[in-house]
Amino acid sequence: MRTILERLDDIAGSAFERAGYDRNYGKVRVSDRPDLCQYQCNGAMSAAKEYHKAPIRIANDVVEKLSIYDAFDTVEAVNPGFININLNPEFLAEIVEEMSRDERLGVPVPEKKKTIIVDYGGANVAKPLHVGHLRPAIIGESIKRICAACGHRVIGDVHLGDWGLQIGLIITELKRRQPELPYFDEGFTGKYPKEPPFSIGDLEEIYPAASAYSKENEEFRLEAEENTRKLQSGYEPYLAIWLHIMKVSVEDLKKNYDRLDVHFDLWKGESDVESYIPDMVEKLKAEGLAYESDGALVVDVTEEGDSKELPPCIIVKSNGATLYATTDLATIIEREKIYHPDQVVYVADKRQSLHFTQVFRVAKKAGLTREDAELTHIGFGTMNGTDGKPFKTRDGGILRLEALQQMIIDEVKKKMQETRDYEEQELTEISEKVGLAALKYGDLSNQANKDYIFDVERFSSFEGNTGPYILYTMVRISSMLNKFAADGGTIDEDEALEAPESDSENELYRTVAGFPLMVEAAYRELAPHKVCQYIYSLSEAFNHFYHETKILSEPDEERRNSYLRLISLVRKVLEKGIDLLGFEAPSKM
């Protein structure tokens, strides 16, 4: 079905054309001044220059043609040339009625179905997920769901850091602690053990110790770099250790991502593209793009129009080691070969913007991806504590992600216990769902590229612009519908929605009708915060309507049926909205 703005554009465009102007000026949008009108058209302002007329004259000409349409309750030309529009309630009811009977809730099917890869995990093996992994995981998961909701084929890739220096550090530290292991015996000829010589707990202690020691001991650091190079060159003993690290780490990562309700279609890492690197390097050399600088192989990326010269992209270091840029470029090659993506979206810290600019420019210059394929970096800001600094534990350490999640679940549980008594199992189940909503909504409601304050007290509140408030609204609707059914009532789905009468009902209709527009905007801008803005507005509109309307006790059967169909649709839209954000509602709260 067509969105409400598409219909209004058609009507306004026809009116401009019938008044003697280009129909393309008839673009309608939601009003900037809802106190004055519901929708507005500013086309007369743009047309004034072309037609050498005062914009108010053009607006008056168009309003005269618009006045014949039943879609409008009022249409008015306002100085200096705005066209203010209020919809006929019956027209609004027809749109919402059609939306209610559409399985896509009015979200249009795309003219071209794209293949979109979302690269949004970025976890490093052998390291626990910490608070810094929250944003890429949940922003990426939401973007993946938004793109899928718009009808595209979407592939989520965790893109593990599994081939870099951290592996060399672990190998070197393991050798220091357990030199007797067969991996470090050059004369060993048997099969290496199937079981890892460490647990995930061991790895989580080994890596920080190795990293800290490398900063104070140059000999250790150089050995770790050499061991990284040997691993990347296919040295069998270190590949065996690497396989152990991968097995132990991925199992733990999947468990933690599952608890966050974040899911990947691909569990690929930097190591998966190692085989592409030699040919890629030769291609860059052969095409005259890569050259040697201070022993390293680099590619210039500065382009005409840049305000300043960008540093060249390093492809291979002077010691022969590869870097993130190398594996990211090789990953582009592999993705093009296997998936032919129309777009790849990278969800990573905004401080990596230079890295992605370099990689994208090299990829395009070298023809590693199709010219019309989009490479997009969604750079996110920092999650800070209430002191305005990056969120840490009380002793200054990095907080583990599962500890952060438990922190907000405990706060939700405490608030729930203040209002009523729960069975222990029920309390645990509900607080898990509400806590996840509080965590995700609290993050996603902020524009991705902005830093924000993580405030567990505010995020877990059941009032205001929060996840728990959205869920409470949904549970309220479910409770009303369940009560109606328990009292023997049934909703007649064949009865059409009636035109809204009160201001709050009209506002609820218009907010519901805006769902497809929101989904399209969230997809176009890859912006989960737009989903949050919308479902909060819809929850507010419903609660105003709820407090002003006797829904279940309405004596007029047809109007009561219309109310119930409307709030059922509101619940369905909210369910889809929170699904786009990656959480779900409990049956009760």
Side-chain angles (χ1 to χ4, degrees), residues 128-142 256 259-262 347 349-351 378-419 427-428 430-475 527-540 543 574 577-578 580-586 589:
L129 292 177
H130 56 72
V131 293
H133 293 111
L134 176 69
R135 302 212 74 192
I138 65 175
I139 293 171
E141 180 71 18
S142 182
N256 282 283
R259 191 182 182 206
L260 203 57
D261 204 4
V262 167
V347 183
D349 194 311
K350 64 183 180 182
R351 290 170 292 189
I378 300 297
F380 57 81
T382 307
M383 184 184 81
N384 296 322
T386 51
D387 59 358
K389 298 177 181 178
F391 200 93
K392 293 186 179 295
T393 60
R394 289 180 180 176
D395 61 2
I398 298 177
L399 187 67
R400 291 183 60 154
L401 185 51
E402 60 184 334
L404 179 78
Q405 198 169 345
Q406 193 60 49
M407 179 193 302
I408 204 161
I409 288 170
D410 291 343
E411 185 66 24
V412 164
K413 188 179 291 187
K414 185 179 77 173
K415 284 182 166 62
M416 289 172 59
Q417 289 174 310
E418 290 171 355
T419 59
L427 178 65
T428 299
I430 295 174
S431 62
E432 284 270 349
K433 286 187 175 181
V434 179
L436 184 61
L439 179 65
K440 287 193 169 185
Y441 190 93
D443 185 294
L444 294 172
S445 58
N446 298 278
Q447 198 167 327
N449 66 352
K450 304 292 186 186
D451 299 344
Y452 77 94
I453 301 295
F454 181 85
D455 187 336
V456 68
E457 174 68 26
R458 181 170 67 83
F459 288 2
S460 60
S461 174
F462 284 69
E463 297 177 354
N465 188 7
T466 68
Y469 171 74
I470 307 298
L471 298 191
Y472 186 76
T473 299
M474 296 175 67
V475 169
H529 74 276
K530 288 191 173 292
V531 182
C532 296
Q533 289 172 346
Y534 172 81
I535 61 174
Y536 175 62
S537 295
L538 182 57
S539 297
E540 286 279 86
N543 284 310
L574 286 173
I578 65 171
L580 295 177
L581 299 175
F583 56 89
E584 60 184 28
M589 287 172 70

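Only a predicted model underlies this, so the values are computations on that prediction, with no experimental measurement involved.
Here the side chains of Leu444 and Val531 are not in contact, with every heavy-atom distance at 4.5 Å or above. Side-chain contact between Lys440 and Leu581: absent, with no pair of heavy atoms (C-beta onward) separated by less than 4.5 Å.
Taking a cutoff of 4.0 Å between a charged side-chain nitrogen and a carboxylate oxygen, Glu457 and Lys414 do not qualify as a salt bridge. Using a 4.0 Å cut-off between a side-chain N of Lys or Arg and a carboxylate O of Asp or Glu, Arg351 and Asp349 qualify as a salt bridge.
Closest approach of Leu436 and Gly582 over heavy atoms only: CD2-O, 4.2 Å. The two residues Met416 and Phe462 come nearest to each other via the heavy atoms CG-CZ, 3.8 Å. The shortest non-hydrogen separation linking Ser460 to Glu411 is OG-CG, 3.1 Å. Heavy atoms only, all atoms of each residue included: Val412 and Gly435 are closest at CG2-CA, 3.9 Å.
How far CD of Glu432 is from NZ of Lys413: 7.5 Å, rounded to the nearest 0.5 Å. Rounding to the nearest 0.5 Å gives a distance of 10.0 Å between CD1 of Ile453 and CE of Met383. The distance from atom OG1 of Thr473 to atom CD of Glu540, rounded to the nearest 0.5 Å, is 8.0 Å.
Here the rule is side chain to side chain donor-acceptor pair (under 3.5 Å) with Tyr452, and of Asp443, Thr382, Asn446 only Asp443 fits it.
Between the side chain of Ser537 and the main chain of Gln533, a donor-acceptor pair closer than 3.5 Å is present. In this structure, Thr466 contributes its side chain and Ser461 its backbone to a donor-acceptor pair below 3.5 Å. Put simply, the side chain of Arg135 never gets that close to the backbone of Val347: no donor and acceptor are under 3.5 Å apart. In this structure, Tyr441 contributes its side chain and Cys532 its backbone to a donor-acceptor pair below 3.5 Å.
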Applying ring-ring contact (aromatic ring centres under 6.0 Å, His included) to Phe459 and Phe454, what does each step give before you reach the verdict?
CA-CA 8 Å; Phe459 288 2; Phe454 181 85; 5.3 Å; yes
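The closest side-chain donor-acceptor pair between Gln406 and Arg259 falls under 3.5 angstrom.
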